[in-house]
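Only one structure is covered here, and it is reproduced in the block below.
Computed from a predicted model, the values in this text were never measured in an experiment. Start at 1 and go down the list; that is how both ligands and their atoms are numbered.
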Amino acid sequence: METPIDAPNKDEHECPRWKKSTVVFVLGGPGSGKGTQCANVVKHFSYTHFSAGDLLRAEIKSGSEFGAMIQSMIAEGRIVPSEITVKLLCKAMEESGNDKFLIDGFPRNEENRNVFENVARIEPAFVLFFDCPEEELERRIMSRNQGREDDNIETIKKRFKVFVESTLPIISYYESKGKLRKINAAKSSEEVFEAVRVLFASET
Ligand SMILES: Nc1ncnc2c1ncn2[C@@H]1O[C@H](COP(=O)(O)OP(=O)(O)OP(=O)(O)O)[C@@H](O)[C@H]1O
Ligand SMILES: Nc1ccn([C@@H]2O[C@H](COP(=O)(O)O)[C@@H](O)[C@H]2O)c(=O)n1
Ligand SMILES: [Mg+2]
């Protein structure tokens with residue numbers, strides 16, 4: 001029987017059907033509004049949204065052999081091995097039938113970026129970065145109330161540290177390639193979406 005994270009294509013190093021897909025990576029600190037704004041984009045533009053964190057949480061619930069390991073890494077705010085996350089993303093893209101994707105919370109580190117490049121062989125069209133001060137992120141997460149195990153002050157501090165140490169260098173990398181689109185996320189959700197809407201209208 002196929003395990004939930006088996007790659008749809010048995011050649012683990014190729015996802016040829018997706019070579020022509022448009023991918024937008026969506027990055028930002030924990031609680032910066034990535035999920036909220038991706039949901040808005042989907043309503044106005046023909047993208048399919050995948051959150052790497054949501055796919056990992058679904059993998060835990062599915063009873064996967066990796067579930068316990070993923071759960072303990074999320075509880076610690078650590079980044080799950082990229083082979084797992086990339087397989088989940090590839091499977092989700094394959095099954096969606098669409099060819100335009102918002103990939104939220106990915107790539108989180110250099111390993112995520114390299115494995116995705118090697119497996120999916122897709123360069124992002126651009127990378128959206130929701131920029132927001134830590135104090136505001138903390139306030140938003142502490143009042144999110146979605147029952148997430150990692151939404152507690154101890155894990156939030158660890159997630160901030162991982163963001164600064166591992167994800168900000170990825171953001172700088174895309175900036176150096178001219179691919180970064182930075183949005184001031186410290187405004188109301190409506191104001192942030194207006195900036196996002198204008199960007200998508202001009203980019204796609
Ligand atoms: N611009 C905003 N102003 C105030 N609150 C917001 C704003 N955008 C989102 N929120 C709220 O902040 C919380 C975090 O938002 P969201 O879940 O979209 O962030 P995220 O970047 O996906 O976080 P994570 O990385 O933890 O998954 C939610 O409760 C959401 O309703
Ligand atoms: N590329 C990723 C994305 C997420 N994770 C793990 O999931 C946690 C929650 O992610 P959110 O985007 O939903 O906040 C995150 O803290 C990581 O533990 C990951 O490993 N790799
Ligand atoms: Mg999210």
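- Residue contacts with ligand 2, taken as heavy atom pairs separated by less than 4.0 Å, do not involve K158 at all.
- Of the listed options R108, K34, Q146, R108 places a heavy atom closest to atom 12 (O) of ligand 2.
- Within the 4.0 Å heavy-atom criterion, the part of N112 lying near ligand 2 is the side chain and not the backbone.
- Using a cutoff of 4.0 Å between basic side-chain nitrogens and carboxylate oxygens, R121 and E117 are not scored as salt-bridged.
- Classified by interplanar angle (parallel below 30°, tilted 30° to 60°, perpendicular above 60°), the ring pair F126/F200 is perpendicular.
- The protein atom (non-hydrogen) at minimum distance from atom 19 (C) of ligand 2 is L56 CD1, 3.5 Å.
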Side chain to side chain donor-acceptor pair (under 3.5 Å), that's the test. Do N112 and S82 meet it? Break it down for me. CA-CA 5 Å; N112 271 187; S82 302; 2.9 Å; yes
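- Heavy-atom contacts of D150 reach the following atoms of ligand 2: 9 (C) (cutoff under 4.0 Å).
- Under a 4.0 angstrom heavy-atom cut-off, E76 registers as lying outside contact with ligand 2.
- Using a 4.0 Å cut-off between heavy atoms, R78 contacts ligand 2 through its backbone alone, with no side-chain atom that close.
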Decide salt bridge (Lys or Arg N to Asp or Glu O under 4.0 Å) for D151 and R140; before the verdict, give the C-alpha distance in whole Å, the side-chain angles of both, and the deciding distance to 0.1 Å. CA-CA 10 Å; D151 282 355; R140 289 183 189 179; over 6 Å; no
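- Remark: D150 CG to R78 CZ distance equals 14.0 Å, nearest 0.5 Å.
- The single protein non-hydrogen atom nearest to atom 13 (O) of ligand 2 is R57 NH2, 2.9 Å, given as residue, atom name and distance.
- Using a 4.0 Å cut-off between charged nitrogen and carboxylate oxygen, E138 and K157 count as a salt-bridge pair.
- Geometric assessment of R181 against the ring of F129 yields a negative cation-pi assignment under the 6.0 Å and 45° thresholds.
- Among all protein heavy atoms, the one lying closest to atom 11 (C) of ligand 1 is R140 CD, 4.4 Å.
- At least one heavy atom of K187 sits under 4.0 Å from some atom of ligand 1.
- Ligand 2 has no nitrogen or oxygen under 3.5 angstrom from a nitrogen or oxygen of D54.
- For the pair T155 (side chain) and A75 (backbone), a donor-acceptor distance under 3.5 Å is present.
- Counting heavy atoms closer than 4.0 Å to ligand 1, residue S143 contributes nothing at all.
- At the top of the distance list for atom 14 (O) of ligand 2, counting protein heavy atoms only, stands R148 NH2, 3.0 Å.
- Proximity to F106 (heavy-atom distance under 4.0 Å) selects the following atoms of ligand 2: 1 (N).
- The closest protein non-hydrogen atom to atom 16 (P) of ligand 1 is T36 OG1, 3.6 Å.
- A salt bridge between E95 and K91 is present, with a side-chain N of the basic residue lying under 4.0 Å from a carboxylate O of the acidic one.
- Between G105 and ligand 2, at least one N/O pair is under 3.5 Å apart.
- Side-chain atoms of E175 and I171, non-hydrogen and from C-beta on, never get closer than 4.5 Å to each other.
- Evaluated by nearest non-hydrogen atom to atom 19 (O) of ligand 1, the leading choice among A52, G33, A186 is G33.
- In this structure, F116 has its ring center under 6.0 Å from that of F106.
- Side-chain N or O atoms of T167 include one that pairs as donor or acceptor with a backbone N or O of R108 at under 3.5 Å.
- Of the N and O atoms on the side chains of N98 and T48, at least one donor lies less than 3.5 Å from an acceptor on the other residue.
- Residue-to-ligand polar distances keep T85 apart from ligand 2: every N/O pair is separated by 3.5 Å or more.
- Remark: minimum distance from atom 7 (O) of ligand 2 to any protein heavy atom is reached at I74 CG1, 3.6 Å.
- Interface atoms of ligand 2 facing V80, defined by a heavy-atom separation under 4.0 Å, are 19 (C), 20 (O).
- The shortest N or O to N or O distance between S51 and ligand 2 is not under 3.5 Å.
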